[in-house]
Amino acid sequence: MRIRLDHTIPGPLFEQLASSLRASIVDGRIGYGERLPAARELASVLQVNVHTVLRAYRVLRDEGLIELHPGRGATVAKRLGHHTALAGAIHDLVDEARLNGVDANALISLIREAYR
């Protein structure tokens, strides 16, 4: 599992972490029933506070994507994986937006409008 956090992007790091983990679950890089790294371990690797990881995990739990088991860690709770075509299209869309100078907020607005 590869997680990248950009400390220069405005906004909380836990949101970036939750987004990265969510994407990995949706595109199948992390599968149903798979255990996520322990919060302390992941915090150490990412060089962030353990509470940042725990907050990201709680966000994903509240979305129903993972289950938290005190003392046993976190596991993926839904079978969402293998949306590789969708994940590829999203990456292509983001690349195209960057090439054309469309910022993230504008791209998200366009996606929301198209989704309606």
Taking every non-hydrogen atom, the tightest pair across [X] and [Y]:
X: Ile66; Y: Ala74; value: CD1-CB, 4.1 Å
X: Ala18; Y: Ala56; value: N-CB, 3.8 Å
X: Ala39; Y: Val53; value: CA-CG1, 3.7 Å

Output the distance between atom [atom1] ([X]) and atom [atom2] ([Y]), rounded to the nearest 0.5 Å.
X: Leu54; Y: Arg61; atom1: CG; atom2: CZ; answer: 10.5 Å
X: Ile30; Y: Leu21; atom1: CD1; atom2: CG; answer: 5.5 Å
X: Arg72; Y: Glu67; atom1: CZ; atom2: CD; answer: 9.5 Å
X: Leu36; Y: Ile25; atom1: CG; atom2: CD1; answer: 6.0 Å
X: Arg58; Y: Phe14; atom1: CZ; atom2: CZ; answer: 9.0 Å
X: Glu34; Y: Thr75; atom1: CD; atom2: OG1; answer: 10.0 Å

Mind checking what makes side-chain contact (heavy atoms from CB on, under 4.5 Å) contact with Arg4, not counting sequence neighbours?
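side-chain contact (heavy atoms from CB on, under 4.5 Å) check on Arg4 returns Arg2.
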Under a 3.5 Å distance rule, please check whether Ser109 uses its side chain to pair with a backbone N or O of Asn105 as donor and acceptor.
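Here the side-chain-to-backbone pair exists.
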Applying side chain to side chain contact (heavy atoms under 4.5 Å, CB included), run through Leu46 and Ile3 and close with a yes or a no.
CA-CA 8 Å; Leu46 296 174; Ile3 298 171; 4.1 Å; yes
Quick test of your reading: applying side chain to side chain donor-acceptor pair (under 3.5 Å), list the pairs with at least one residue in residues 94-104, sequence neighbours left out, ordered by first then second residue.
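Found Glu96-Asn100.
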Scan for side chain to side chain donor-acceptor pair (under 3.5 Å) pairs involving residues 8-17, sequence neighbours excluded, and state none if there are none.
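Output for this query lists Asp6-Thr8.
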Partner residues of Glu41 under the side-chain hydrogen bond (donor to acceptor under 3.5 Å, both in side chains) criterion, sequence neighbours left out
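By the side-chain hydrogen bond (donor to acceptor under 3.5 Å, both in side chains) rule, Glu41 matches no residue at all.
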With sequence neighbours excluded, tell me which residues meet side-chain hydrogen bond (donor to acceptor under 3.5 Å, both in side chains) with Arg112.
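side-chain hydrogen bond (donor to acceptor under 3.5 Å, both in side chains) check on Arg112 returns nothing, list empty.
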List the steps and the verdict of side chain to side chain contact (heavy atoms under 4.5 Å, CB included) for Tyr57 and Leu42.
CA-CA 11 Å; Tyr57 281 4; Leu42 187 55; 3.6 Å; yes
Verify same cluster id: [X], [Y] (apolar side-chain graph, 4.5 Å):
X: Ile111; Y: Val94; answer: yes
X: Ile108; Y: Leu93; answer: no
X: Val59; Y: Leu17; answer: no

Once salt bridge (charged side-chain N to carboxylate O under 4.0 Å, His left out) is applied, do any residues pair with Arg55, and if so which ones, sequence neighbours excluded?
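Checked Arg55 against salt bridge (charged side-chain N to carboxylate O under 4.0 Å, His left out); zero matches.
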